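Sequence lines set the chain letters: A, B, ... in the order given, protein chains first and strands last, and positions in each chain run from 1. This one's a predicted model, so the numbers in the text were calculated from it and none came from an experiment.
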Amino acid sequence: VPAKSAGNNARTTRRKFLEISTAAFTSIAASPIGATTAPPQQRPSVSTSGAIDLPALTIVEAARQISRRQLSPVELTQAVLSRIEALNPKVGAFITVAADQALAAAKTAEREIQRGAYRGPLHGIPVGVKDTYYTKGIRTTAATPVLENFVPEFDAAIVESLTRAGAILIGKLNLPEFSFGGYTPGCNNPWDLTRNAGGSSGGAGAALAASLLLGAAGGDTSGSIRNPASTCGVVGLKPTFGLVSRYGVVPISWSLDHLGPMAKTAEDTAILLGIIAGFDARDRFSARVQVTDYRRHAPNVRGMRLGVIAAAEIEQFHPETKRAFSDAVKVLQGLGAEIREVSFPVRMKVAAGCQRIIRICEAAAYHRQFLTTDAADKYLSEVGRSGPGVSRVRTSVEGGSLVTAAQYLQAQRARALFIKDMHKIFEPLDALLSPTMPSPGLLPPDPPETFRTWWNVCGFPAISLPCGFSKDPSDLPIGLQISAQPFQDARVLAIARAYESATEWHKRHPAL
Amino acid sequence: MIWHTAIHELSTREYAMQKMTRETLRILAAANNLRVSEERLDLVLREYESLLRSLAAFDALPLPREAEPANVFSLPSAPPSDGRR
């Protein structure tokens, strides 16, 4: 599916946001916000020339300036669109750029803020969503020719929530066909453009790393938020199952799919979660829980009981990943956490098998509407092709169509026991730490258990955040995964924020 | 630990699996209204055999007789009010 703009890349001239706007901007530019106004855990957004690099701002930084009327949403959106125009051909993060709609929304946000109707920290902030999210009037392709001309008549629940909060939808982000797989064809890792961004929410990870937007929303059935977050050096949260509505999104598997936020920092991720979480009767798995401020927990791990995956469990992981993970555990220990090594019974292998069967059977049911019609011939073909970028969706769902209902339900029965076991494992723990990926940059090895699909099987929340960079090969991000019991999303985010407050990995930018 | 034993046994014995042939797959695909061309039969066959191996990993588990699937049907605790009794 070729990238294209949903409208003309029209540019409006820089406008005066308020009477004080220009003066304020000059003042900020001369006084690096990273040193004067931003807390130390925030990434600096000042270029080497001293000018503010608007697209590199975090949501917290941009929101602070927008709320004070020091930064115009139109100016910010224009800066982001310019950067996308310059870099997307190299990065391949966007399938569709909604430039006209984004600028119109930015102007509306600007008018609202001018008259004092500031909606909150996402007002005027450019964001993107994975191209599986329904967007009214903007095509939703799921990166497949099967849906290449699909223009939804309504917005996904998450898009509704983001829009209601005043966010500016910049465009639709790249993914592998129908979100199948951990490799996003045509989407390059900003840290090394010769490598892939991971997947399936690869466009979101790459766009954030390249500062092509300030926040994003992805999807995670087998680790598809956490994989690109780790691979691209950004933050990605798979929330508790049921916390975020999945209404209006092209699915893989109804009982494993999770939608969640991705951002440059844990605090930004918490802000996004606070906007998109909440009960939605249109999603039959939506949980009736009170939405909270996901920044309510202080970023403090003192006295917390943190489980750590035993060294033997990650023996096959890349040495650089093991080193970074070990260092990250030491940082949290140094912040006062009590570290407890955790080993798992061999039955964790059951989780991987269950996940695979449940995922493919549910996907086969969804895809039956295409497989049994002429649309079947529109899937990307794998005949005569090989390699990580080759789509195997049609073959996978056809194979899944032949698994019996009894076999599918056996997997769901085994899953129920796995969930029960996982609750027991967490009884003495506040959270569990592991590497997100077995290696940086999608390098080998590729061990059979990577500790990501577990959290899709049991529905517990899990976040990935940067915890280091490889030395050989150089400068590839490495991710730390933090998981906790259901609806402890705020705790997961608090631990992540505590870790960020003691480290600087999240402040690094790739040179593009 | 029962699971541990079951999985250990799996790793030490060949798991009996009925062999699927191209011809069987062709019939099964047609019965499911799938359009699997001759050039794609082998691809789907390999995929299906791989899924059977995943199934084998937990199919031998001694699930408690009363174990129910994780996705059982449920209704809201209170019916939606439409103003009528």
Side-chain angles (χ1 to χ4, degrees), chain A residues 254-256 281 284-285 288 345-362 364 367-368 371-377 381-384 392 394-404 406-421 457-459, chain B residues 1-11 15 17 20 24-78 80:
Chain A
W254 300 291
S255 76
L256 292 167
R284 70 175 300 268
F285 290 119
R288 288 183 183 273
V346 184
R347 61 174 168 267
M348 70 185 186
K349 290 175 185 171
V350 170
C354 287
Q355 196 268 352
R356 185 172 184 220
I357 296 300
I358 292 165
R359 172 184 173 275
I360 205 59
C361 288
E362 294 183 2
H367 281 264
R368 193 161 177 78
L371 292 176
T372 57
T373 68
D374 289 342
D377 295 326
S381 174
E382 68 167 298
V383 175
R392 301 185 64 253
R394 183 178 180 183
T395 303
S396 297
V397 291
E398 284 172 336
S401 299
L402 306 180
V403 177
T404 68
Q407 288 168 324
Y408 166 74
L409 287 169
Q410 278 297 90
Q412 288 284 14
R413 293 176 77 208
R415 178 190 195 178
L417 294 182
F418 177 81
I419 294 170
K420 197 174 170 185
D421 278 344
V457 173
C458 66
Chain B
M1 285 304 101
I2 295 171
W3 286 26
H4 184 287
T5 308
I7 291 168
H8 178 70
E9 284 177 5
L10 273 174
S11 66
Y15 199 80
M17 203 175 3
M20 174 70 78
T24 314
L25 185 78
R26 187 183 291 115
I27 294 166
L28 201 51
N32 278 279
N33 202 19
L34 299 175
R35 304 167 174 208
V36 182
S37 63
E38 284 300 312
E39 67 173 349
R40 297 188 59 256
L41 262 181
D42 285 334
L43 295 170
V44 180
L45 183 59
R46 276 201 295 274
E47 179 69 17
Y48 181 64
E49 286 174 343
S50 169
L51 289 170
L52 288 182
R53 285 192 292 276
S54 288
L55 279 163
F58 63 83
D59 214 20
L61 287 177
L63 289 173
R65 193 171 294 169
E66 66 278 10
E68 292 191 12
N71 61 339
V72 290
F73 175 69
S74 65
L75 287 171
S77 53

Under a 4.5 Å cut-off applied to non-hydrogen side-chain atoms, are B/L52 and A/V403 in contact? no

Taking A/R356, A/Q407, A/E398 one by one, which has the highest count of heavy-atom pairs under 4.5 Å against chain B? A/R356

Can you name the closest pair of heavy atoms from B/P64 and A/L417 and give their distance? CD-CD1, 3.4 Å

Under 4.5 Å from a heavy atom of chain A, the part of B/L25 involved: side chain

Give, as side chain, backbone, both or neither, the part of A/I360 having an atom under 4.5 angstrom from any heavy atom of chain B. side chain

For A/R394, is it the side chain, the backbone, both or neither that has a heavy atom under 4.5 Å from a heavy atom of chain B? both

A/L402 CG to B/L51 CG distance, which is reported to the nearest 0.5 Å: 8.5 Å

What are the two closest non-hydrogen atoms of B/L34 and A/R368, and how far apart are they? CD2-NH1, 4.3 Å

Check whether A/I357 gets within reach of chain B through its side chain, its backbone, both or neither, counting any heavy atom under 4.5 Å. side chain

Looking only at A/S255, A/G400, A/A376, A/A411, most heavy-atom pairs under 4.5 Å shared with chain B are made by A/A411

First locate atom CG of B/N71, then atom CZ of A/R415, and finally report the distance between them rounded to the nearest 0.5 Å. 7.0 Å

Which heavy atom of A/I419 sits nearest a heavy atom of B/A70, and at what distance? CD1-CB, 4.5 Å

Under 4.5 Å from any heavy atom of chain B, what part of A/F285 do you find: side chain, backbone, both or neither? neither

Where A/T395 and B/E47 come nearest, the two heavy atoms and their spacing: O-CG, 3.7 Å

Checking heavy atoms, do the side chain of B/S50, its backbone, both or neither come under 4.5 Å from chain A? both

Taking 4.0 angstrom as the limit, do B/E68 and A/K420 come out as a salt bridge? no

Can you tell me which portion of B/R40 sits under 4.5 Å from chain A's heavy atoms? Options are side chain, backbone, both or neither. side chain

